[in-house]
Protein chains: 2
Amino acid sequence: MRIGELSARTGVSRRMLRYYEDQGLLVSSRSPSGQRHYEDAHVERVRLVQAFLAAGMSSGTIAEMVPCMAEPSRRGARRALAVMDHERARLSSAMDGLTAARSALDQLIEVNRTYLAEPHLAEPPDGTP
Amino acid sequence: MRIGELSARTGVSRRMLRYYEDQGLLVSSRSPSGQRHYEDAHVERVRLVQAFLAAGMSSGTIAEMVPCMAEPSRRGARRALAVMDHERARLSSAMDGLTAARSALDQLIEVNRTYLAEPHLAEPPDGTP
DNA sequence: CTTGCCCCTGACACCGATGTGAACGTTTAG
DNA sequence: CTAAACGTTCACATCGGTGTCAGGGGCAAG
């Protein structure tokens with residue numbers, strides 16, 4: 001398929017697909033005239049890239065793992081594995097961070113909700129400038 | 001304490017502390033001469049802000065919750081609570097995203113590690129440009 | 001009083017990263 | 001042939017973060 005269809009299937013704009021390729025996050029085969037061609041597998045590949053990006057991985061980091069997504073262990077696999085291990089640890093600690101942030105937020109929410117529920121304050125409208 | 005000490009205690013530069021205040025992430029009381037003065041509680045407040053920023057909250061979002069950090073439920077508490085609920089959901093789904101990304105990464109790691117462990121490939125040096 | 005250290009505001013510039021718009025030329029498909 | 005789809009490229013925007021410089025004040029020890 002060409003870029004338009006991949007875009008339609010993934011919901012990612014043509015613009016971004018080219019941008020991803022630019023950053024080395026996606027690889028396409030080109031027709032003689034230069035048009036990008038993709039296979040079905042690329043649909044999932046795009047989703048994977050998006051998941052990784054959403055997880056806060058940098059483009060560069062993902063780019064280093066790309067060879068391993070295409071086919072298992074070509075040149076650079078060792079390096080990629082190192083990156084992946086490192087990144088796995090990063091993800092784990094990011095999860096810890098999120099958990100901590102959410103706990104703090106929960107606490108903040110509870111304190112304030114409790115306080116707001118108390119009867120002793122006479123400012124129910126809350127629109128007092 | 002003044003800004004220098006807060007900076008020393010939190011590891012956040014004076015520059016950034018002023019910047020945070022600029023963005024509405026931090027509130028200071030001022031001496032008659034305009035110098036910022038903080039209490040011990042602000043040390044933790046700074047850490048909280050950093051945790052929230054690290055959790056991917058925008059400055060604007062955090063700014064809206066700030067009144068609730070200082071003292072429970074002043075004006076704007078209702079709005080802040082709405083923001084907090086919304087943000088809590090965002091954090092939760094971000095955690096889901098991280099979990100999914102990590103799973104995908106684990107799979108990628110395993111496939112490649114397995115492949116790399118196979119005996120049939122004769123490219124151990126891996127340094128072939 | 002002077003010296004030295006800390007602080008204030010405001011501005012200008014710059015970074016790296018992600019993401020977009022738009023212009024303009026080429027290729028493909030009906 | 002024409003229109004839709006594609007290609008490249010340049011510029012711009014946002015966001016968080018930083019360095020730095022200028023010009024002014026606060027405050028305590030010597």
Side-chain angles (χ1 to χ4, degrees), chain A residues 1-39 42-43 46-66 83 87 90-91 94 97-98 101, chain B residues 1-39 42 45-66 83 87 90-91 94 97-98 101:
Chain A
M1 79 192 82
R2 288 183 302 168
I3 201 173
E5 191 178 340
L6 185 60
S7 169
R9 280 212 219 169
T10 59
V12 179
S13 68
R14 282 174 279 255
R15 185 72 175 81
M16 285 308 293
L17 290 175
R18 292 192 199 104
Y19 176 70
Y20 285 169
E21 183 168 326
D22 232 55
Q23 308 297 307
L25 310 186
L26 205 55
V27 181
S28 63
S29 50
R30 299 297 188 100
S31 74
S33 63
Q35 300 208 337
R36 296 170 175 82
H37 283 262
Y38 306 92
E39 286 137 68
H42 282 83
V43 173
V46 170
R47 298 202 201 286
L48 189 57
V49 166
Q50 291 226 304
F52 285 164
L53 281 176
M57 291 190 197
S58 74
S59 302
T61 300
I62 302 178
E64 287 188 291
M65 320 181 347
V66 158
V83 170
E87 210 56 21
R90 212 194 52 77
L91 287 193
L98 279 191
Chain B
M1 81 192 79
R2 287 180 300 170
I3 201 173
E5 192 179 339
L6 184 61
S7 169
R9 280 213 220 167
T10 58
V12 179
S13 67
R14 282 173 280 255
R15 182 74 170 81
M16 285 310 292
L17 290 175
R18 295 196 196 101
Y19 176 70
Y20 284 168
E21 184 168 326
D22 232 54
Q23 308 295 306
L25 310 185
L26 205 54
V27 181
S28 62
S29 52
R30 298 301 186 98
S31 74
S33 62
Q35 299 205 340
R36 293 172 177 83
H37 282 262
Y38 306 93
E39 287 137 66
H42 282 83
R45 198 83 61 78
V46 170
R47 298 201 203 287
L48 189 57
V49 165
Q50 292 226 305
F52 285 164
L53 280 175
M57 292 190 197
S58 75
S59 302
T61 300
I62 302 178
E64 287 188 289
M65 322 183 344
V66 158
V83 171
E87 211 56 23
R90 212 193 53 77
L91 288 193
L98 280 191

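Hydrogens, waters and symmetry mates are skipped; everything else that's a heavy atom, side chains included, is used. Letters go in sequence order (proteins before strands), and every chain restarts at 1. Keep in mind that this is a model prediction, so the values were computed, not measured.
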Interatomic distance, B:I3 CD1 vs C:dC6 C1' [rounded to whole Å]: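 So the CD1-C1' distance, B:I3 to C:dC6, works out to 11 Å.
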
Could you tell me which residues satisfy side-chain contact (heavy atoms from CB on, under 4.5 Å) with [X], sequence neighbours excluded, listed by chain and number?
| X | answer |
| --- | --- |
| B:S29 | B:H37 |
| A:A55 | A:L91, B:L98, B:A101 |
| B:S58 | B:T61 |

At a heavy-atom distance below 4.0 Å, which nucleotide of DNA chain D is the first touched by chain B, and which is the last?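 The footprint of chain B covers D:dG16 to D:dG26.
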
Member of B:I62, B:V46, B:V66 meeting the side chain to side chain contact (heavy atoms under 4.5 Å, CB included) criterion with B:L26: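 When side chain to side chain contact (heavy atoms under 4.5 Å, CB included) is applied between B:L26 and each of B:I62, B:V46, B:V66, only B:V46 qualifies.
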
Check every strand shown and say whether B:R14 touches a base, only sugar-phosphate, or nothing at a heavy-atom separation below 4.0 Å.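 The residue B:R14 makes sugar-phosphate contact but no base contact.
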
side-chain hydrogen bond (donor to acceptor under 3.5 Å, both in side chains) against B:R9, all qualifying residues, sequence neighbours excluded: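 Partners of B:R9 under the side-chain hydrogen bond (donor to acceptor under 3.5 Å, both in side chains) test: B:E5.
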
For B:Q23, all residues meeting side-chain hydrogen bond (donor to acceptor under 3.5 Å, both in side chains), sequence neighbours excluded: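 Checked B:Q23 against side-chain hydrogen bond (donor to acceptor under 3.5 Å, both in side chains); zero matches.
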
Pairs satisfying salt bridge (Lys or Arg N to Asp or Glu O under 4.0 Å), at least one member in residues 47-66 of chain B, at least two apart: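 Listed by first then second residue: B:E64-B:R79.
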
Contact list for residues 11-22 of chain A, test side chain to side chain donor-acceptor pair (under 3.5 Å), sequence neighbours left out: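 Qualifying pairs, neighbours excluded: A:Y20-A:Q50, A:E21-A:S28, A:E21-A:R30, A:E21-A:R36.
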
For nucleotides 18-29 of chain C, give me one character per nucleotide, 5' to 3': B if any protein heavy atom sits under 4.0 Å from the base, S if the only such contacts are to the sugar-phosphate, - if neither. BBBB-----SS-

